[in-house]
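What follows is one structure encoded as structure tokens, with my remarks underneath.
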There are 2 protein chains.
Amino acid sequence: MSVSIKDIAKRVNRSITTVSRALNDYDDVSPETKQLILKTAKEMGYSPNSFAQRLQKQQSDTIGLILPTFSPRFSDPYFSELLAGIGNKAVDLGFDLLVSTRSPGPEENKAYEKLVEGGRVDGFIVVRTRNQDARIEYLLSKNFPFVAFGRTDDCNRFSYVDEDGYYGMQLVAEHLAGLNHEVIGCITPKPDLAFTEKRIAGLRDGLENYNIKLDPAYIKAGDLTQKSGYELGGELLDLPETPTAIVACNDLMAFGVMSAVQERGLVVGKDVSVTGFDDIPMSEFSHPPLTTVHQPVYQIGSMVCEMLVKIIRDESSEHQQILLKPSLIVRQSTGIYVKKAK
Amino acid sequence: MSVSIKDIAKRVNRSITTVSRALNDYDDVSPETKQLILKTAKEMGYSPNSFAQRLQKQQSDTIGLILPTFSPRFSDPYFSELLAGIGNKAVDLGFDLLVSTRSPGPEENKAYEKLVEGGRVDGFIVVRTRNQDARIEYLLSKNFPFVAFGRTDDCNRFSYVDEDGYYGMQLVAEHLAGLNHEVIGCITPKPDLAFTEKRIAGLRDGLENYNIKLDPAYIKAGDLTQKSGYELGGELLDLPETPTAIVACNDLMAFGVMSAVQERGLVVGKDVSVTGFDDIPMSEFSHPPLTTVHQPVYQIGSMVCEMLVKIIRDESSEHQQILLKPSLIVRQSTGIYVKKAK
DNA sequence: ATTGACATCCAAAACGTTTTGGTATATACT
DNA sequence: AGTATATACCAAAACGTTTTGGATGTCAAT
């Protein structure tokens, strides 16, 4: 089949040890032999069998990523970008990326266990953290390397990258308050997601600074899909006292809200302001373009991956915790609220 | 470290051969020992080292998927759904899915070569086929198992699943013709993508059946992003004779077109009709909801994966080629064109 | 008593690497 | 001459499996 180190050894009349060491650039191989071996290796089209390497080295050079999918039709532009960030960095660092998708629950935990116990991966990237996060509990209990994108309740026990959603939502609050909005609706994900609470709190506290109250009846829990934004946005708009601004916790739901608004013959950014969170590429080209909180997902993917590899390689046990300060991208989906004559 | 077959052997006082055979349910192990071995294996928390297995069996039980990303900010809901379909099926079949992203070009080819030559994967899923597809040429030359999602110029040399884009576009043409549209614009991907030509041809021929000519000046090549839909849609709308309908070759570009239309104060579905292709989940909740050609991406992912595994396992060399008949989903982004008085 | 069939087990080789713990030769220093 | 050092090499073990090609013992049929 494919050429092995043994074939090369035979060809150059050296031991397999020497060939191996030449290929790995050890310095107890003379420059000439090294040259020769490298050359014939290339000639013969040698490429190492990674399973043999990994078996011997007792490491997998593989990073695991299990995407939590909530519906069978999993379709989130946010994750594709994160995936690209992680994947490209992983390749740069010589790691493979093993991906699967699982909906949260026992099946998901089993998937983690299988990869850990089979020695299949050297570490995990855990995304979309939850408050009581079984995945994280498990990985901590096994002392298995991982980095999270997002925090949990007690989060100083591991490394993570997160964006400061509390602060981001304060920016939104400030922006909306500055536009005279007073009746504000909010569409969140399910409360078990770690960032849900933080974002609501940010919005609430931010509005309070301007003496605006966020009525709990105006907070609706969705599932981050456009569909739920559409439905819950509709519910908010059909309330007796219509909100003049609706804050969605991600862009996808914001798009859904915009559709609901427009369906009612209202103009987004004039009659009702809508904001999102994430700033996915689409947001710039929606109609109207979406005011949202930017999240550098691609870079976050890169960072998370790099941190994980560092942990895997160094066994450095101090936790690195990065909290990014978000910025607000103001576009045309928000505008001044002008009180209508009664 | 983790328990191996050797540890079990020691514990139950049998050879490692017997343990291995018991675990693999060979019938030259007595029922009692088999029972015992299975029990202690579970007790000790044994799980096989997949690298050792794969090294020995000379197969990787892994499927490779290299997503072609065109921009650094890769963000395509279409691919996340495909990924989920492939990934979940792969898990069911006991395969790992190895994912990375690469933009088309020499780097991409190298990535394929590396995985093939390193024995890293048993087969590939090739997506978004191109006319002269170097990836496919390479895999064919190596006689390496793969299944494509999409066809190429000469496509009876390998297995694929594709949706009949020619037919799908004919449906669009028929629909638009039925709505009195005569000046029709079209936004395509780059011509090297395999489906581009087919879709244009479908549209052109479909329109011709109604004696409507598709003016080449009204065909613009984009890159499948919302952004390019927005920009090229704008170009079409600014033409001296404005098209009354714009056909985009995917939903994302269609969204961009809708934004461009709306930005000009026109109403989508009334002043200008817009159609997409793919029917991603968002399309149902855009404003207005998008008329588009449905593509069961999740299922396609499943199918492609299943076909590949079959090829890997059986070495069955007959090519299976599946062409799905698409259906048109009519929503509110298209409407009757009423001639305006001059 | 021999033969054959069957059930149950196992030692050793193999998969393709890396690493350990050397050896042999040449050169340099007392 | 003897010793130390450096250079260039290598045999064998190890990683954790599966598979090959038996070995051994029992029982039934001849």
Side-chain angles (χ1 to χ4, degrees), chain A residues 1-38 40-41 44-62 94 96 114-122, chain B residues 1-38 40-41 44-62 94 96 114-122:
Chain A
M1 264 303 132
S2 65
V3 295
S4 76
I5 229 175
K6 214 190 282 184
D7 303 322
I8 302 179
K10 214 169 286 172
R11 179 88 86 92
V12 299
N13 256 323
R14 294 294 134 92
S15 73
I16 59 169
T17 309
T18 302
V19 175
S20 170
R21 313 211 98 200
L23 291 172
N24 289 294
D25 206 26
Y26 278 66
D27 52 9
D28 62 351
V29 181
S30 78
E32 300 84 47
T33 11
K34 204 177 277 185
Q35 199 85 41
L36 174 66
I37 288 174
L38 255 35
T40 51
M44 300 176 73
Y46 167 76
S47 84
N49 177 311
S50 48
F51 295 123
Q53 286 183 318
R54 289 165 188 199
L55 174 60
Q56 154 64 31
K57 293 219 221 159
Q58 290 292 86
Q59 57 177 36
S60 66
D61 287 344
T62 302
D96 284 345
K114 202 177 148 204
L115 292 183
V116 168
E117 273 150 32
R120 210 42 214 84
V121 301
D122 289 337
Chain B
M1 266 301 132
S2 66
V3 295
S4 75
I5 229 175
K6 213 190 283 183
D7 303 322
I8 302 180
K10 213 169 286 170
R11 180 88 85 93
V12 299
N13 256 322
R14 294 293 136 92
S15 73
I16 59 168
T17 308
T18 302
V19 175
S20 170
R21 314 210 99 203
L23 292 172
N24 289 295
D25 206 26
Y26 278 66
D27 52 8
D28 62 352
V29 181
S30 78
E32 299 85 48
T33 9
K34 204 177 275 185
Q35 199 86 41
L36 174 66
I37 288 173
L38 255 36
T40 51
M44 300 176 73
Y46 168 76
S47 85
N49 178 310
S50 48
F51 295 124
Q53 285 183 319
R54 290 165 187 198
L55 173 59
Q56 154 65 31
K57 293 219 217 154
Q58 290 294 83
Q59 58 178 35
S60 66
D61 287 343
T62 302
D96 284 345
K114 202 177 148 205
L115 292 182
V116 168
E117 273 149 31
R120 213 37 218 87
V121 301
D122 290 338

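Throughout, a chain's letter reflects where its sequence line sits, starting with A, and its residues are numbered from 1.
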- request: Rounded to the nearest angstrom, tell me the gap between atom NZ in B:K57 and atom C1' in D:dG16.
  value: 13 Å
field: Short side-chain N/O contact to D:dG16 OP1/OP2 from A:Q58, under 4.0 Å
entry: yes
message: Check the phosphate of C:dT19 against A:Y26, side-chain N and O only, distance under 4.0 Å to OP1 or OP2. Yes or no?
response: yes
field: Short side-chain to backbone donor-acceptor contact, A:K34 and A:D27, under 3.5 Å
entry: no
message: Nearest whole Å is fine: how far is D:dT19 P from B:N24 CG?
response: 7 Å
Distances for protein N or O near nucleotides 7-11 of chain D N or O, under 3.5 Å:
unit_1	atom_1	unit_2	atom_2	d
D:dC9	OP1	A:R14	NH1	3.0
D:dC9	OP2	A:S30	N	3.2
D:dC9	OP2	A:S30	OG	3.2
D:dC9	OP2	A:T33	OG1	2.5
D:dC9	N4	A:D28	OD2	3.0
D:dC10	OP2	A:S15	N	2.7
D:dC10	OP2	A:S15	OG	3.3
D:dC10	OP2	A:T18	OG1	2.8
D:dA11	N7	A:T17	OG1	3.1
D:dA11	N6	A:T17	OG1	2.8

query: Quick one: does A:S47's side chain have a donor or acceptor within less than 3.5 Å of a partner on B:G118's backbone?
result: yes
message: Rounded to whole Å, please give me the gap between CD in B:E117 and P in C:dG16.
response: 15 Å
- request: Apply side chain to side chain donor-acceptor pair (under 3.5 Å) to A:N49 and list each qualifying residue two or more places apart in sequence or on a separate chain.
  value: none
field: Nucleotide C:dT17, atom P - distance to CG of B:N49 in whole Å
entry: 17 Å
- request: State whether the side chain of B:T40 and the backbone N or O of B:L36 hold a donor-acceptor pair below 3.5 Å, judged by distance alone.
  value: yes
task: Nearest whole angstrom, please: distance from the P of C:dG16 to the CG of A:L23.
output: 15 Å
query: Any side-chain N or O of B:Q53 under 4.0 Å from OP1/OP2 of D:dT18?
result: yes
message: Tell me whether A:R54 contacts the main-chain N or O of A:S60 through its side chain, where contact means a donor paired with an acceptor under 3.5 Å.
response: yes
- prompt: How about B:S15 and B:T18: does a side-chain donor come under 3.5 Å of a side-chain acceptor?
  reply: yes
- prompt: At under 4.0 Å, does any side-chain N or O of B:S20 touch on OP1 or OP2 of D:dT17?
  reply: no
statement: Here the distance between atom C1' of C:dA12 and atom CD of B:Q56, to the nearest Å, is 13 Å
message: Rounded to whole Å, please give me the gap between CD1 in B:I5 and C1' in D:dC15.
response: 14 Å
message: Measure CZ/A:R54 against C1'/C:dC15 and give the value in whole Å, please.
response: 16 Å
task: Could you give me the CA-CA distance, side-chain angles and deciding distance for B:V3 and B:I8, then say whether side-chain contact (heavy atoms from CB on, under 4.5 Å) is met?
output: CA-CA 8 Å; B:V3 295; B:I8 302 180; 5.5 Å; no
